[in-house]
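So the structure is just underneath, and the comments pick up after that.
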Amino acid sequence: MQVVEGSYAIAHAVKRCRPDVISAYPITPQTHIVEDLAQFVADGELECEFVPVDSEHSAMSVALGASAVGARAYSASTSQGLALMWEVLYNVSGMRLPVVMTAVNRAMSAPLSIWNDQQDTIGARDSGWIQIYVEDIQEAHDAMIQGYKIAESKDVMLPLMVCADGFILTHTYEPVVLAEQIEVDDFLPPYEPEYFLSVDNPLSFGCFAEPDKYMEFRYMQHEAMDRARIKIKEVADEFGKAFGRYYGGLIEGYNLDGAEIVLLTFGSIIGTIKEVVDREKNVGILKIRSYRPFPLVEIRDALKDAKVVAVIEKDFSAGFEGALFTDVKAALYNHINDLKMLGFVVGLGGRDVRADDILEIIKRSKSAMDGGITDEWQFIGLRGELL
Amino acid sequence: MKNLFASGHRACGGCGMAIAIKLILEATGENVFVVSPTGCLEIVSSPYPETSWRVPWIHSLFENAASVASGIEAGLKALGRKDEGKVLAIGGDGGTADIGMGALSGMFERGHDVTYICYDNEAYMNTGVQRSSMTPIGASATTTPAGKVSYGEIHPKKDLVSIAVAHGLGYVASASVGYAADLMDKVKKAVDHDGPSFIHLHSSCCTGWRHPSSKTVEVMRLAVLTGLWPLYEVVDGEVVNVKRLAKRLPVEDYLKTQGRFSHLFKTDEGAEVIRQIQAMADANAEQYGLDLDIEE
Amino acid sequence: MKLRIGAIADPGTSVVNLTGGWRTEIPRITPELCIRCFNCVIYCPESAVKYSDKEGIYFDYDYCKGCGICSNECSGHAIYMEMEEK
């Protein structure tokens with residue numbers, strides 16, 4: 001175990017996956033990851049083509065081209081950079097290219113903020129990428145390795161983004177077990193796609209589909225996501241056996257036994273919530289690891305005995321509510337209808353989420369459970385004096 | 001002919017681009033990876049499950065052909081397959097000079113071993129002849145239409161060759177679909193050149209330029225013969241192999257063949273624009289030394 | 001036919017699309033006038049003008065769209081266009 005910066009741990013894991021092509025454009029707080037990777041290449045520790053491009057749009061396009069010739073490709077970005085990639089994200093998933101990226105979570109401008117929330121990756125929710133949200137640096141490191149195995153699986157063939165909270169998981173230092181090359185080589189086979197660009201079999205990639213076929217291509221992506229549901233769990237189990245670390249498959253429960261109030265969330269905030277929950281009775285945590293594919297069945301099962309679920313997230317859809325909250329409600333409707341559901345927005349643009357905020361959420365959840373009136377969806381930690 | 005661009009594609013009859021692709025692939029042979037941005041070329045050649053390509057081909061998006069080509073080149077290098085084939089991007093003027101300019105500049109600057117060919121039909125043809133930065137002065141396009149108080153496009157074309165040369169490229173050329181042997185010769189030189197190379201290829205769209213489909217090659221040749229489309233190469237920064245003209249024709253000979261310029265022949269203001277276009281041809285002649293009778 | 005993931009197509013499959021049906025005018029050749037400049041072969045956008053030693057220049061009417069470039073570019077005025085009877 002070594003004490004390293006989160007970005008270094010992520011870069012190290014990527015290196016161990018032996019990517020053929022890395023392409024990235026610098027944006028805070030993603031920079032340390034790609035700087036570390038560039039240094040590995042400069043030091044001869046990693047043999048790969050490192051392509052420092054002109055924009056994030058190009059970064060993902062380079063990854064796309066590389067993946068199409070059968071190379072293992074990697075990129076990383078965040079926030080505005082991820083937004084500039086948007087168009088290519090859809091393209092990569094539609095072309096069924098298993099590019100893996102680290103999506104460092106950062107707020108969207110305006111106003112400009114380099115700090116953490118999850119609005120950026122929530123916006124990429126529908127792009128056809130698998131989204132795995134991680135809680136700590138070790139999980140971020142491990143998820144990169146799992147990520148390639150899931151994405152490149154013949155049943156799946158979908159791109160995957162590991163979503164890691166900016167600064168909190170990229171610029172802090174923690175003790176991390178850094179994977180050895182031999183371990184990763186045993187776990188992750190080389191990328192051998194069924195279809196790739198070659199002069200021996202000169203296929204055409206990126207054809208267009210007319211209305212008599214487009215819908216079926218989209219449905220095939222949906223089916224692949226369904227198969228990814230199984231694959232993510234399998235790979236988590238295999239990883240657990242090989243490395244001795246397990247974070248759950250699609251979800252992970254914490255103190256769920258007998259919990260009347262369940263705090264449902266994803267990302268690094270879970271660390272803070274665990275500290276609080278440890279001192280509370282009958283309050284558990286449901287962590288969402290895989291946001292896409294969405295763990296419908298697992299959530300229903302995990303919440304079947306709960307009385308209140310409080311969904312906590314660092315994003316929202318202006319004019320409606322938090323995206324995760326909407327999704328959880330949709331997943332439970334017609335299945336568990338006597339459960340009270342509350343949504344809380346916290347920590348936008350790097351606002352600290354303190355233990356007191358979590359206590360406030362638990363207090364409001366208790367009040368709701370006891371029949372008290374509370375808003376179904378609300379912001380926590382707003383500075384009223386500024387409004 | 002090798003027929004690496006298969007028949008059955010859906011380009012309009014008389015399409016200059018279709019001739020261009022056929023000639024380009026004739027020159028490269030089969031060991032080539034082709035990237036096309038979104039546009040006419042992609043649309044006419046790839047309605048799934050049909051494709052006209054007999055070489056490995058990829059279309060991704062509108063503005064990223066140069067980046068995808070960079071990725072293919074990097075991927076082939078990383079996989080030890082660099083010798084398998086050359087990498088070629090073929091995009092229209094919109095995908096190259098407008099929306100794809102940043103990606104193209106990046107590809108040039110990073111020195112990828114990619115040949116980029118811009119087939120320039122001087123407007124967004126696939127979406128219905130909207131103007132691009134490559135639409136010539138005086139042409140009526142659907143977003144710069146000629147009208148009672150307008151003579152159409154008012155801005156000159158970008159000088160793509162100079163832009164490429166400014167990136168320090170070792171091989172850059174202008175070419176025309178009207179000069180097949182010259183085009184194929186330049187394509188061979190470009191793909192054989194190590195590092196990025198660029199060809200700016202004049203390519204008529206009979207639908208958008210509004211001339212009979214049978215006149216495609218003739219019209220493109222007139223662009224060269226009037227001095228509006230000089231043919232030359234720039235090798236290591238030096239202009240070489242300029243196609244000299246024994247008797248340069250007046251620009252009217254070119255303009256009058258096409259409906260997009262027909263309004264210029266109806267008004268005094270149009271006549272003034274024609275004089276302006278003639279001045280551009282004269283400037284080309286001066287800059288590139290096009291006129292044989294003046295030189296010798 | 002089942003769809004292949006990613007809309008990936010096999011090479012040269014557009015040949016199933018017989019574009020000859022688009023044609024209104026059809027090219028014909030007067031062989032004795034042909035001077036074998038091959039402009040028709042070189043400039044046909046459809047690769048529908050062919051040549052063999054035995055047959056000389058001939059047309060693949062499955063794909064010829066009748067654009068008339070072959071006729072326009074013909075150095076010997078050997079190729080002419082006529083309205084096609086359908």
Side-chain angles (χ1 to χ4, degrees), chain A residues 18-23 25 47-73 75 84-88 90-92 94-95 97 99 190-191 195-210 212-214 216-217, chain B residues 4 29-38 42-43 45-81 83-87 89 99-110 112 114:
Chain A
R18 299 184 188 274
D20 298 301
V21 175
I22 295 172
S23 182
Y25 185 85
E47 267 187 57
C48 91
E49 290 296 317
F50 187 96
V51 189
V53 281
D54 45 280
S55 72
E56 286 87 357
H57 196 283
S58 284
M60 190 47 68
S61 301
V62 165
L64 181 153
S67 188
V69 288
R72 181 172 284 166
S75 190
L84 189 55
M85 276 184 187
W86 230 256
E87 190 194 17
V88 200
Y90 276 83
N91 208 239
V92 169
M95 291 173 82
L97 298 170
V99 174
Y191 176 43
Y195 304 109
F196 58 97
L197 291 172
S198 93
V199 298
D200 299 328
N201 183 20
L203 299 171
S204 283
F205 274 54
C207 297
F208 75 89
E210 286 170 291
D212 63 339
K213 297 176 203 77
Y214 179 89
E216 285 69 26
F217 279 116
Chain B
L4 293 171
E30 60 193 11
N31 294 334
V32 67
F33 294 80
V34 178
V35 185
S36 305
T38 308
E42 165 262 334
I43 288 294
S45 68
S46 70
Y48 181 89
E50 290 173 30
T51 173
S52 300
W53 299 88
R54 291 190 171 116
V55 296
W57 176 83
I58 184 169
H59 153 252
S60 167
L61 297 163
F62 199 3
E63 66 276 59
N64 69 352
S67 306
V68 172
S70 302
I72 287 175
E73 186 247 17
L76 290 172
K77 226 192 261 183
L79 295 169
R81 287 168 52 200
D83 294 338
E84 193 178 314
K86 298 286 182 177
V87 183
I99 201 167
M101 195 81 231
L104 182 65
S105 177
M107 187 201 92
F108 284 163
E109 165 273 320
R110 294 188 302 271
H112 292 278
V114 176

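Chain letters run A, B, ... following the sequence lines, proteins first, then strands; residues in each count from 1.
Between B/Pro49 and A/Lys213, the shortest heavy-atom contact is CD-CE, 3.9 Å. Contact between A/Val62 and B/Ser70 at its shortest, heavy atoms only, is CG2-CB, 4.0 Å.
A/Asp20 touches chain B through backbone and side chain together, each having a heavy atom under 4.5 Å away. In this structure, chain B has heavy atoms under 4.5 Å from both the backbone and the side chain of A/Ser58. Of the two parts of A/Ser198, the backbone and the side chain both hold a non-hydrogen atom closer than 4.5 Å to a non-hydrogen atom of chain B. In this structure, the portion of B/Leu79 lying under 4.5 Å from any heavy atom of chain A is its side chain and not its backbone. Using a 4.5 Å cut-off between heavy atoms, A/Val88 contacts chain B through both its backbone and its side chain. If you measure heavy-atom distances from A/Ala68 to chain B, the contacts under 4.5 Å come from the side chain alone. Interface residue B/Glu84: backbone and side-chain heavy atoms are both found under 4.5 Å from chain A. B/Val32 touches chain A through its backbone: at least one of N, CA, C or O sits under 4.5 Å from a heavy atom, while the side chain does not. There is no contact between A/Phe50 and chain B, counting heavy-atom distances below 4.5 Å.
Heavy-atom proximity under 4.5 angstrom to chain A picks out B/Gly102, B/Ala103, B/Gly106 from residues 99-109 of chain B.
In terms of non-hydrogen atom pairs under 4.5 Å with chain B, the most contact-rich of A/Gly94, A/Ala209, A/Ala71 is A/Ala71. Across B/Gly75, B/Ala74, B/Gly71, B/Ser36, the residue that shares the most heavy-atom pairs under 4.5 angstrom with chain A is B/Gly71. Note: A/Pro52 leads A/Ser23, A/Ala59, A/Pro52 in heavy-atom pairs under 4.5 Å with chain B.
Using a 3.5 Å distance cut-off with no hydrogens or angles, the side chains of A/Ser204 and B/Thr51 do pair a donor with an acceptor.
B/Pro56 meets the side-chain contact (heavy atoms from CB on, under 4.5 Å) test with A/Leu197, A/Val199, A/Pro202, B/Phe33; sequence neighbours excluded. For A/Phe208, the side-chain contact (heavy atoms from CB on, under 4.5 Å) partners at least two apart in sequence or on another chain are A/Glu210, B/Glu42, B/Ile43, B/Ser46, B/Pro47. Residues forming a side-chain contact (heavy atoms from CB on, under 4.5 Å) with A/Tyr25 (at least two apart in sequence, or on another chain): A/Val53, A/Glu56.
How far CE of A/Met95 is from CD1 of B/Ile58: 3.5 Å, rounded to the nearest 0.5 Å. Put simply, OG on B/Ser60 and CE on A/Met60 are 11.0 Å apart, with the number rounded to the nearest 0.5 Å.
Heavy-atom neighbours of B/Glu30 CD from other residues, nucleotides or ligands within 6.0 Å: at or below the threshold of 12.
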Note to self: Determine whether B/Leu61 and A/Leu64 satisfy the following criterion, side chain to side chain contact (heavy atoms under 4.5 Å, CB included), listing intermediate values before the conclusion.
What the structure shows: CA-CA 11 Å; B/Leu61 297 163; A/Leu64 181 153; 5.9 Å; no

Notebook entry, point to check: Can A/Val51 and B/His112 be said to form a side chain to side chain contact (heavy atoms under 4.5 Å, CB included), step by step?
Noted result: CA-CA 10 Å; A/Val51 189; B/His112 292 278; 3.8 Å; yes

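The shortest side-chain heavy-atom distance between B/Arg110 and A/Asp54 falls under the 4.5 Å cut-off.
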